[in-house]
Amino acid sequence: MSIRVFAEICAANSPVIFDADSELPDPFDGLLIDHHGDLPMHSCMGLPLIFGEKMLGALTLDSLEPNAFHSIPTRNLEVLSAIAASTLKMALTFSQLEYQAKQSKQLLEELNEEAWERDGGEMIGNSEPMRALKSDIEIVAPSDFNILIHGETGVGKELVARTLHYQSTRRQQPLVYVNCAAIPESLIESELFGHVKGAFTGADKNRLGKFALADEGTLFLDEIGELPLAAQSKLLRALQNNEIQPVGKDQIQKINVRVLAATNRDLKLEVENGKFRADLYHRLSVYPISVPPLKERLGDVELLTGFFLEQARRKLGISQIKLNPNVVTHLNRYAWPGNVRELEHVINRAALKAKARSMGKAVVSVTIDDCGQFDDALPHKIKPKHRLLSFQNRALAYAKLLRNINAR
């Protein structure tokens with residue numbers, strides 16, 4: 001296509017049919033094998049492809065027969081031009097959406113990787129219980145088994161869930177977190193499975209549920225023991241059939257989700273007491289994992305203390321920070337009922353206090369006083385019951401003394 005022919009088509013708002021004797025250069029001159037030099041007289045037509053008052057391109061047609069296009073009604077050519085423009089627009093839109101989808105997927109992968117590194121993805125600890133835990137994770141992570149993670153408050157069940165996801169084949173897909181204890185009972189079904197506009201009062205638009213958001217990825221149900229029985233039955237149906245039904249929608253939606261559940265409750269006891277469905281318990285605990293409390297992880301307190309101290313150093317902008325030699329011994333005497341989370345909070349507070357106390361010093365030193373006293377590390381106090389008994393004994397003694405005085 002010569003530049004002059006193309007320019008005339010682009011300048012037009014409707015189909016352009018060139019005369020056979022047009023002085024414009026022939027677009028096929030010298031390009032056909034069976035013709036040398038100039039071509040014999042022929043027909044040429046151009047359709048500008050305009051969509052939304054924007055030109056997307058041009059469609060050209062040529063024929064060796066003179067005046068081949070003159071008999072075509074102008075209206076037909078305009079319809080053809082509009083159809084071609086719409087088709088091109090759709091193709092360009094699909095291409096753009098595909099590109100954006102690839103970008104979004106790549107961004108999701110990078111964000112997952114960044115969040116993993118930022119949140120301290122490595123599980124700190126070299127004690128025997130931690131080695132056993134890491135071994136269990138390494139075994140089950142590549143599978144698609146549902147996993148029940150059990151442990152006391154603060155042991156790091158969420159970190160175990162993130163590690164399982166990160167070591168699985170779904171690591172490039174989303175890990176969606178749900179705190180079952182924080183969802184009002186009336187909204188649980190909508191939160192998990194989604195709803196359509198108008199399904200209930202306040203549903204002013206369609207909303208995807210957590211299962212749909214986690215499709216092809218992992219759904220982490222924290223505090224699973226807090227779900228009411230009615231919600232447990234609906235969750236069981238989703239796990240059994242791999243399908244969900246948004247509130248207010250008739251159609252069933254197929255899903256591919258791996259479920260990790262966590263609780264600090266004894267779900268076996270909850271099943272016996274009728275507070276948790278036995279079938280759901282067995283569906284979730286295909287491969288149960290128990291996270292050990294900190295008091296059973298001999299030697300890990302020192303490793304975790306160093307890790308949290310380094311994190312606090314970066315957060316507080318401290319150049320150098322260290323522990324006094326007797327601090328670790330002091331920390332090891334404590335039973336840590338709040339587990340790893342409590343230790344992290346203690347180290348953060350201690351680093352903050354040490355920084356405030358060491359203003360102007362090159363190296364910040366954390367002392368026992370910065371860590372503070374722990375409840376079970378304090379001297380034993382008289383319990384209220386003992387104080388009550390002591391008061392009663394004194395009262396009885398006074399009463400006896402008064403009786404003796406009156407008797408005299």
Considering only distance and modelled atom types, tabulate donor-acceptor pairs under 3.5 Å from the side chains of residues 269-278, sequence neighbours left out.
| unit_1 | atom_1 | unit_2 | atom_2 | d |
| --- | --- | --- | --- | --- |
| Glu270 | OE1 | Arg265 | NH1 | 3.1 |
| Asn273 | ND2 | Leu269 | O | 3.3 |
| Arg277 | NE | Asp279 | OD1 | 3.1 |
| Arg277 | NH2 | Asp279 | OD2 | 2.8 |

Name the atoms and distances for all side-chain donor-acceptor pairs under 3.5 Å in residues 209-217, with sequence neighbours left out.
| unit_1 | atom_1 | unit_2 | atom_2 | d |
| --- | --- | --- | --- | --- |
| Asp215 | OD1 | Asn256 | N | 2.7 |
| Glu216 | OE1 | Asn256 | ND2 | 3.2 |

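Using a cut-off of 4.0 Å between Lys/Arg side-chain N and Asp/Glu carboxylate O, Arg341 and Glu344 are scored as not salt-bridged. Ionic pairing of Arg349 and Asp370 is not present here: no N-O contact between side-chain nitrogen and carboxylate oxygen is shorter than 4.0 angstrom. A salt bridge does not link Glu310 with Lys315: none of the charged nitrogens is closer than 4.0 Å to a carboxylate oxygen.
Nearest heavy-atom pair across His165 and Arg170 is CE1-O, 3.0 Å. Annotation for Leu267 and Gly225: closest pair CD2-CA, 4.1 Å, computed over non-hydrogen atoms.
Under 3.5 Å, the side chains of Asn324 and Thr367 contain no donor-acceptor pair of N or O atoms.
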*I would like to know whether Asn146 and Tyr287 meet side chain to side chain donor-acceptor pair (under 3.5 Å); could you show each step before the answer?*
CA-CA 7 Å; Asn146 296 327; Tyr287 197 106; over 6 Å; no

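Partner of Tyr334 under the side chain to side chain donor-acceptor pair (under 3.5 Å) criterion, out of Glu342, Lys295, Gln373: Glu342 alone.
Counting heavy atoms of neighbouring residues, nucleotides and ligands inside a 6.0 Å radius, atom NZ of Lys254 exceeds 12 of them.
A distance of 9.0 Å separates CG in Leu229 from CD in Glu185, rounded to the nearest 0.5 Å.
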